Peer 1: 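Dropping the structure in here first, questions after.
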Amino acid sequence: MQTVTLNTGIDMPILGFGVYQIPPEETEQAVTDALAAGYRLLDTAAAYGNEKAVGRAIKNSGIPREELFVTTKLWVQDAPAQENTKRALDASLDKLGLDHLDLYLMHQPYGDVYAQWRGMKDAYREGRAKAIGVANFYADRLVDLIVNNDVTPAVNQIETHPFFQRTTDQELMRAHGVQIQSWGGFAEGRNHLFTHPLLSGIGEQHGKSVAQVVLRWLTQRGVVAIPKSVRAERMAENIDIFDFELTDAQMAAIATLDTGNSLFFDHHDPEIVAGLAKRRLTA
Ligand code: NAP
């Protein structure tokens, strides 16, 4: 598996497995299948409610801990956030059955992010998270966090797919040493992604599926991808992208699909900000 080196010096697989929207009762099997298919980067979150099932699959796999790259995410918490960050990390580690994470992400750019970041820096310095980063930070919030802190996020996990390509954001992150990671790499199938004529045509030229073209396009751009699937055959398909290369002309053709806008929601929308910031995890 190809890797990228984070600003902490650790290597992260360029392709992993995401478990958002996998019900807890299906997650253990899905992660077991993903590990069997060869995935070593697992991406979960406290807010997904399936950390325990991820932990069981890790334990039962027998795969040495050092071969895995496990990410989870801190949900927006009540103040005082620095202490709550420690508690939230303790809870996540407990559910996952791990003594450290490879990457701990602040899930949303809301609430007392500076206190949350201080708590995350504590975790980093204590070795409980080998790297810390953020998710859903648009350029303004990301730069503000960077210039006002002594630890720069290692990763920013943001919506990135053919219809919202984030090339300017990627440039900015590169300039600051922040690794871009895509969520929703398939746009969860929106805009008929899996039957899109341009992507299908490119796939036919390589004997590959649309999903494989999209994941190849992301990783060829240096974007870490974490596709989700509950189907073993799709997991195998999605990891089989390292035996072909998109041409410059194909990369340029895919670039024309960018709309520059989210297909999900705008993190600047006041209703979204209020809704996400108010959500509290209960267990
Ligand atoms: P996604 O990976 O863009 O799309 C998942 C959808 O694609 C599922 O419906 C899946 O169906 C289908 N699919 C997967 N492989 C396929 C294939 N080869 N052919 C056809 N369909 C296929 O969506 P996502 O889960 O939203 O994003 C990926 C990961 O990013 C998440 O799991 C999560 O870890 C992370 N994420 C993070 C945030 C954040 O705020 N930080 C937000 C969203 C997601 P089946 O399962 O039925 O195969």
Side-chain angles (χ1 to χ4, degrees), residues 12-13 15-24 26-27 29-31 33-34 37 39 41-51 53-54 69-76 92 96 101-110 133-138 141-142 153 155-166 169 179-196 199-200 203 208-219 223-241 262-267 272-273 275-277 279:
M12 177 185 199
L15 187 70
F17 183 70
V19 299
Y20 178 45
Q21 291 172 327
I22 305 184
E26 290 176 39
T27 303
Q29 187 61 52
V31 174
D33 291 346
Y39 294 85
L41 159 56
L42 301 173
D43 183 273
T44 184
Y48 300 170
N50 54 19
E51 287 172 311
V54 172
F69 189 105
V70 182
T71 303
T72 194
K73 311 185 191 84
L74 170 71
W75 189 244
V76 184
S92 284
L96 287 162
L101 297 173
D102 297 282
L103 178 63
Y104 197 33
L105 298 178
M106 192 188 306
H107 204 147
Q108 302 291 348
Y110 305 140
V134 296
N136 298 305
F137 272 57
Y138 278 71
R141 306 300 304 266
L142 182 68
V155 168
N156 186 16
Q157 185 183 107
I158 55 174
E159 179 187 345
T160 311
H161 48 70
F163 308 119
F164 193 24
Q165 301 193 1
R166 317 303 292 264
D169 293 293
Q179 173 63 46
I180 181 173
Q181 183 174 29
S182 151
W183 68 250
F186 299 143
E188 293 182 6
R190 292 180 190 201
N191 280 7
H192 305 291
L193 177 132
F194 292 113
T195 52
H196 192 284
L199 298 171
S200 306
K208 292 286 182 181
S209 68
V210 166
Q212 290 170 320
V213 168
V214 170
L215 294 171
R216 181 69 212 182
W217 165 76
L218 283 167
T219 53
V223 179
V224 175
I226 42 170
K228 170 262 174 186
S229 178
V230 291
R231 306 193 201 189
E233 69 278 10
R234 287 181 176 172
M235 296 173 196
E237 176 186 333
N238 294 347
I239 204 172
D240 181 21
I241 60 160
S262 170
L263 288 196
F264 293 85
F265 49 77
D266 180 356
H267 277 79
I272 294 290
V273 177
L276 288 177
R279 185 176 165 208

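Residue indices begin at 1 and follow the sequence shown. The analysis underlying the following values was restricted to heavy atoms, covering all of them including side chains, and did not include hydrogens, waters or symmetry mates. Both ligands and their constituent atoms are indexed starting at 1 by order of listing. Quick caveat, the model's predicted, so the values are computed rather than measured.
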Peer 1: Could you please spell out the steps behind the ring pair (Phe, Tyr, Trp, His ring centres under 6.0 Å) verdict for H196 and F194?
Peer 2: CA-CA 6 Å; H196 192 284; F194 292 113; over 10 Å; no
Peer 1: Heavy-atom pairs closer than 4.0 Å: do any link ligand 1 to the side chain of S229, the backbone, both, or neither?
Peer 2: both
Peer 1: Checking contacts here: is it the side chain or the backbone of N136 that comes within 4.0 Å of ligand 1, counting heavy atoms only? Could be both or neither.
Peer 2: side chain
Peer 1: Would you call K208-D240 a salt bridge at under 4.0 Å N-O?
Peer 2: yes
Peer 1: Indicate, as side chain, backbone, both or neither, the part of V19 found under 4.0 angstrom from ligand 1 when only non-hydrogen atoms are considered.
Peer 2: backbone
Peer 1: Could you list the atoms of ligand 1 found under 4.0 angstrom from a heavy atom of A187?
Peer 2: 3 (O)
Peer 1: Is any side-chain heavy atom of Y48 less than 4.5 Å from a side-chain heavy atom of W75?
Peer 2: no
Peer 1: What are the two closest heavy atoms between A46 and S92, and how far apart are they?
Peer 2: CB-OG, 4.1 Å
Peer 1: Using a strict cut-off of 4.0 Å, indicate which atoms of ligand 1 neighbour a heavy atom of A135.
Peer 2: 41 (N)
Peer 1: Do any nitrogen or oxygen atoms of A211 come within less than 3.5 Å of a nitrogen or oxygen of ligand 1?
Peer 2: no
Peer 1: For atom 19 (N) of ligand 1, find the nearest protein heavy atom and state the residue, atom name and distance (0.1 Å precision).
Peer 2: R234 NE, 3.7 Å
Peer 1: Say whether, by atom type as modelled, one donor and one acceptor occur between the side chain of R216 and the main chain of I241 under 3.5 angstrom.
Peer 2: yes
Peer 1: So that I can tick it off, tell me whether K228 and D43 are bridged by a salt bridge, with the cut-off set at under 4.0 angstrom between side-chain N and carboxylate O.
Peer 2: no
Peer 1: Please say whether more than 12 non-hydrogen atoms of neighbouring residues, nucleotides or ligands are located less than 6.0 Å from OH in Y20.
Peer 2: no
Peer 1: Assess, by modelled atom type and distance only, whether the side chains of H267 and Q108 contain a donor and an acceptor separated by less than 3.5 Å.
Peer 2: yes
Peer 1: Could you tell me, atom by atom, which parts of ligand 1 come under 4.0 Å of a heavy atom of V230?
Peer 2: 45 (P), 46 (O), 47 (O), 48 (O)
Peer 1: Is it true that R231 lies under 4.0 Å from ligand 1, counting heavy atoms only?
Peer 2: yes
Peer 1: Which pair of heavy atoms, one from A211 and one from N238, lies closest together, and at what distance?
Peer 2: CB-OD1, 3.7 Å
Peer 1: Closer than 4.0 Å to some heavy atom of G185 - which atoms of ligand 1 meet that?
Peer 2: 3 (O)
Peer 1: So which protein heavy atom does atom 27 (O) of ligand 1 come closest to, and at what separation?
Peer 2: G184 N, 3.0 Å
Peer 1: Is ligand 1 less than 4.0 angstrom away from at least one heavy atom of P227?
Peer 2: yes
Peer 1: Do S209 and E237 have side-chain N/O donor and acceptor atoms under 3.5 Å apart?
Peer 2: yes
Peer 1: Considering I226, T44, L42 one by one, which has a heavy atom nearer to atom 35 (C) of ligand 1 than any of the others?
Peer 2: I226
Peer 1: I need the contact type for F194 against ligand 1. Using non-hydrogen atoms and a strict under-4.0 Å cut-off, is it side chain, backbone, both or neither?
Peer 2: side chain
Peer 1: What are the two closest non-hydrogen atoms of V224 and L41, and how far apart are they?
Peer 2: CG1-CD2, 4.0 Å
Peer 1: Would S209 count as a contact residue for ligand 1, given that I'm defining contact as a non-hydrogen atom of the residue lying under 4.0 Å from a ligand atom?
Peer 2: no
Peer 1: Can you pull out the closest protein heavy atom to atom 34 (O) of ligand 1? Residue, atom name and distance to 0.1 Å, please.
Peer 2: D43 OD1, 2.6 Å
Peer 1: Would you please determine whether F17 falls within less than 4.0 Å of ligand 1 on a heavy-atom basis?
Peer 2: no
Peer 1: Is the charged tip of R279 near the ring of Y110: under 6.0 Å from the six-membered ring centre and within 45° of its axis?
Peer 2: no
Peer 1: On a heavy-atom basis, which atom in E159 and which in S262 lie closest, and how many Å separate them?
Peer 2: OE1-OG, 2.7 Å
Peer 1: So, regarding F186 and ligand 1 (criterion: nitrogen or oxygen to nitrogen or oxygen, under 3.5 Å), is there a contact or not?
Peer 2: yes
Peer 1: Is there any N or O on Q157 that sits under 3.5 Å from an N or O of ligand 1?
Peer 2: yes
Peer 1: Considering non-hydrogen atoms of the protein only, which is the closest contact for atom 15 (N) of ligand 1, and what is the distance?
Peer 2: N238 ND2, 3.0 Å
Peer 1: Just to confirm my output: which protein heavy-atom neighbour is closest to atom 31 (C) of ligand 1, and how far is it?
Peer 2: Y20 CB, 3.3 Å
Peer 1: I'd like to check which ligand 1 atoms, numbered from 1 as shown, lie under 4.0 Å from a non-hydrogen atom of E237.
Peer 2: 18 (N)
Peer 1: State whether the shortest distance between N or O atoms of E188 and N or O atoms of ligand 1 falls below 3.5 angstrom.
Peer 2: yes
Peer 1: Among K73, K228, R190, Q212, whose heavy atom sits nearest atom 25 (O) of ligand 1?
Peer 2: K228
Peer 1: Could you tell me the residue and atom name of the protein heavy atom closest to atom 39 (C) of ligand 1, and the distance to it rounded to 0.1 Å?
Peer 2: W183 CD1, 3.4 Å
Peer 1: Would you say the side chain of L103 lies within less than 4.5 Å of the side chain of M12, judging by non-hydrogen atoms?
Peer 2: yes
Peer 1: Can you find a side-chain donor-acceptor pair between E51 and T44 that sits under 3.5 Å?
Peer 2: no
